[in-house]
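To start, the structure under review is shown below, and the notes come after it.
Since this is a predicted model, take the numbers as computed values, not measurements. In what follows, residues are counted from 1 in the order of the sequence shown.
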Amino acid sequence: MMPLFPTAPFSRAATLFAVLVAGTSLGGAPATAQPAPPPGNALTKVASFEHQVTGVTVSRDGRIFVNFPRWTEDTAVSVAEVKDGKVVPFPDAAWNSWRNAKKDEVSPGDHWICVQSVVASPDGNVWVLDPAAPAMGALVPGGPKLVEIDLKTNRPARTIAFDETVAPQGSYLNDVRFAPDGKTAYLTDSGAKGALVVVDLDSGKARRVLDGDPSTQPDKGVTVTYDGKPLRRPDGRGVEFAADGIALSPDGKTLYWQAIKGKTLYSLPTEALAGGVTQALMPTALADKSLAGRIETVGENGPADGLIISRHDGRMYITSPQDDSIKVRDLSAKGAATATVIKDARLRWPDTFGEGPDGTLYVTTSRIQDSAFYKPDAPAALPTDLWSFKPVAAPAR
């Protein structure tokens, strides 16, 4: 299928970097060795999974982490490290032992309920974002949380729990980015009423902003398609995800986000989210109105899921689910069009990015269009993959 929005030509003259880890299934069987990748912006399969994956992140020492949300099945593993050719529950089996049937028996604050994202922070640790809404439905009380895992000990270092003012029923906290100074986290909520969430990591205090603002809501004028047809559930509903993809400039001064059911990329200076005394004393509606006045429209990405700004070239990479592609945006050129980096049928709903220490980009394919949400005869456990590629260097300006 042709991209919904025209893309500029993109150089295809690079050699793919070797992957860090050989893939396996959750069953632990060794993956088949992959042949040397061909020249150009090709994909290398890093791992295959027996379950629906969304998030991926790579620590600064090269460790790879992934997560499996409880969407259409009660997954046995929610967060895992791809380690020594195997997928290992992380940080341990106990944190991964929550089950839907044991909802009233297992404490939600120290177990993974329905994890959506894993993200490495600048200080070298990994954070896990748990919206705690199995099947994207009702929140499990006491479950929504952001948990830091100390990679020196592989143990939880702190847990920031979100109450109903931050994660109300109907919310689905989706993705997170961390300020370079390690003091602030920024989250998207892709649930029933889109919003952003700002977290002061030192105090653990969080506040919900732009709740219901047009920039965080699904765009009624956009229909997400696949194979040239509207992607719809059996009851006729289309894709309705609100603010989802999020990215932060390397200097931490500009936050970017967009809805999947949308086409527009928005930005906001992070100093506007600093939460000074004046804003703290404002009623929420007035504070959001003040913030809305500072939102900028960056450009049109088309329906997109994951966003990442590379530490190595400063460009924004974008997953484009409806046409099996990955795109790139030059943020230094205001109003520049996106360019297609890779278009490959194996990128079946490219979902989330992670970046390795050497600039290799990792991307999950969550196959949302193949799931039981949209295909009633789909298996509960949906096989998915993790891919990598080494972006071509940005041309000199």
Side-chain angles (χ1 to χ4, degrees), residues 1-14 16 40-43 175 177 180 186 188 196 210 213-216 218-219 221-222 224-225 243-272 292-344 347 350-355 359-363 389-397:
M1 177 174 89
M2 293 296 291
L4 182 61
F5 296 98
T7 56
F10 191 77
S11 169
R12 303 183 62 84
L16 186 69
N41 275 318
L43 294 169
D175 208 349
R177 295 292 180 268
Y186 305 97
T188 49
L196 302 181
L210 298 176
D213 185 84
S215 69
T216 61
D219 185 336
V222 170
V224 179
T225 64
D244 189 300
I246 188 170
L248 186 65
S249 61
D251 62 8
K253 293 182 178 180
T254 308
L255 186 69
Y256 301 85
W257 72 93
Q258 81 163 82
I260 291 183
K261 180 180 164 59
K263 60 185 179 182
T264 307
L265 176 69
Y266 297 98
S267 73
L268 190 68
T270 54
E271 56 90 10
R294 302 193 64 179
I295 294 172
E296 292 188 7
T297 297
V298 180
E300 292 190 353
N301 286 340
D305 195 331
L307 308 175
I308 193 170
I309 298 175
S310 170
R311 297 186 300 268
H312 290 260
D313 66 23
R315 296 181 295 176
M316 175 181 285
Y317 291 84
I318 304 149
T319 61
S320 181
Q322 65 178 6
D323 59 358
D324 305 325
S325 73
I326 293 170
K327 300 176 181 178
V328 67
R329 174 179 290 279
D330 181 356
L331 295 170
S332 68
K334 190 171 183 179
T338 60
T340 298
V341 179
I342 301 173
K343 182 174 172 60
D344 191 308
L347 287 173
D351 196 304
T352 303
F353 289 113
E355 185 176 24
T360 296
L361 288 181
Y362 295 77
V363 60
F389 67 99
K390 188 69 177 287
V392 175
R397 297 182 58 84

- Note on the structure: So CG of Asp213 and CG of Leu196: to nearest 0.5 Å the spacing works out to 8.5 Å
- Message: I'd like to know if the side chain of Trp257 and the backbone of Ser215 have a donor-acceptor N/O pair within less than 3.5 Å.
- Response: yes
- Does the side chain to side chain donor-acceptor pair (under 3.5 Å) test come out yes or no for Gln322 and Thr225, once each step is laid out? CA-CA 6 Å; Gln322 65 178 6; Thr225 64; 3.1 Å; yes
- Task: Determine whether the side chains of Gln258 and Asn301 contain a donor N or O and an acceptor N or O closer than 3.5 Å.
- Result: yes
- Looking at residues at least two apart in the chain, or sitting in another chain, which of them share a side chain to side chain contact (heavy atoms under 4.5 Å, CB included) with Ser267? Thr254, Tyr256, Glu296, Val298
- Item | By side chain to side chain donor-acceptor pair (under 3.5 Å) - contacts of Ser249 (at least two apart) | Asp251
- Set of residues satisfying side chain to side chain contact (heavy atoms under 4.5 Å, CB included) with respect to Asp219, sequence neighbours excluded: Val222, Lys263
- Message: If you define the side chain from C-beta out and look only at heavy atoms, does anything of Leu347 sit under 4.5 Å from Val363?
- Response: yes
- Output for pair (Leu43 CG, Asp344 CG), nearest 0.5 Å, gives 5.0 Å
- Would you say Arg329's side chain and Glu300's backbone share a donor-acceptor pair under 3.5 angstrom? yes
- Task: Look up atom OG1 in Thr216 and atom CG in Leu210, then write down how far apart they are to the nearest 0.5 Å.
- Result: 6.0 Å
- Query: Does the side chain of Tyr186 reach to within under 4.5 Å of the side chain of Ile246, using non-hydrogen atoms?
  - Reply: yes
- Could you go through the side-chain contact (heavy atoms from CB on, under 4.5 Å) check for Ile342 and Phe389 one step at a time? CA-CA 9 Å; Ile342 301 173; Phe389 67 99; 3.6 Å; yes
- Query: Any idea which heavy atoms bring Gly359 and Pro391 closest together, and the distance?
  - Reply: O-CD, 3.4 Å
- Heavy-atom closest pair (Leu248 atom, Pro180 atom, distance to 0.1 Å) is CD2-CD, 4.3 Å
- Shortest non-hydrogen pair, Leu331 vs Gly314, comes out as CD1-O, 4.1 Å
- Query: Between Thr297 and Gly299, is there a donor-acceptor pair closer than 3.5 Å when you use the side chain of the first and the backbone of the second?
  - Reply: no
- Item | Distance (rounded to the nearest 0.5 Å) between Ile295 CD1 and Leu268 CG | 6.0 Å
- What are the two closest heavy atoms between Pro321 and Ala304, and how far apart are they? CD-CA, 4.0 Å
- Message: Is there a side-chain contact (heavy atoms from CB on, under 4.5 Å) between Lys261 and Asp244? Walk through the geometry before answering.
- Response: CA-CA 9 Å; Lys261 180 180 164 59; Asp244 189 300; over 6 Å; no
- Note on the structure: salt bridge (charged side-chain N to carboxylate O under 4.0 Å, His left out) filter on Asp175, not counting sequence neighbours, yields Arg177
- Query: Are any of the side-chain nitrogens in Glu271 or Arg294 under 4.0 Å away from the carboxylate oxygens of its partner?
  - Reply: yes
- Note on the structure: side chain to side chain contact (heavy atoms under 4.5 Å, CB included) filter on Ser320, not counting sequence neighbours, yields Asp323, Ser325, Lys327
- Side-chain heavy-atom pair Tyr362, Thr352 within 4.5 angstrom cut-off: no
- Task: With rounding to the nearest 0.5 Å, note down the distance linking CG in Leu361 to NE2 in His312.
- Result: 8.5 Å
- Test side chain to side chain donor-acceptor pair (under 3.5 Å) applied to Thr319 - qualifying residues, sequence neighbours left out: none
- Note on the structure: Only residue of Val328, Ile309, Leu307 satisfying side-chain contact (heavy atoms from CB on, under 4.5 Å) with Tyr317 is Val328
- Message: Applying side chain to side chain contact (heavy atoms under 4.5 Å, CB included), can you list everything that pairs with Arg311, at least two apart in sequence or on another chain?
- Response: Glu355
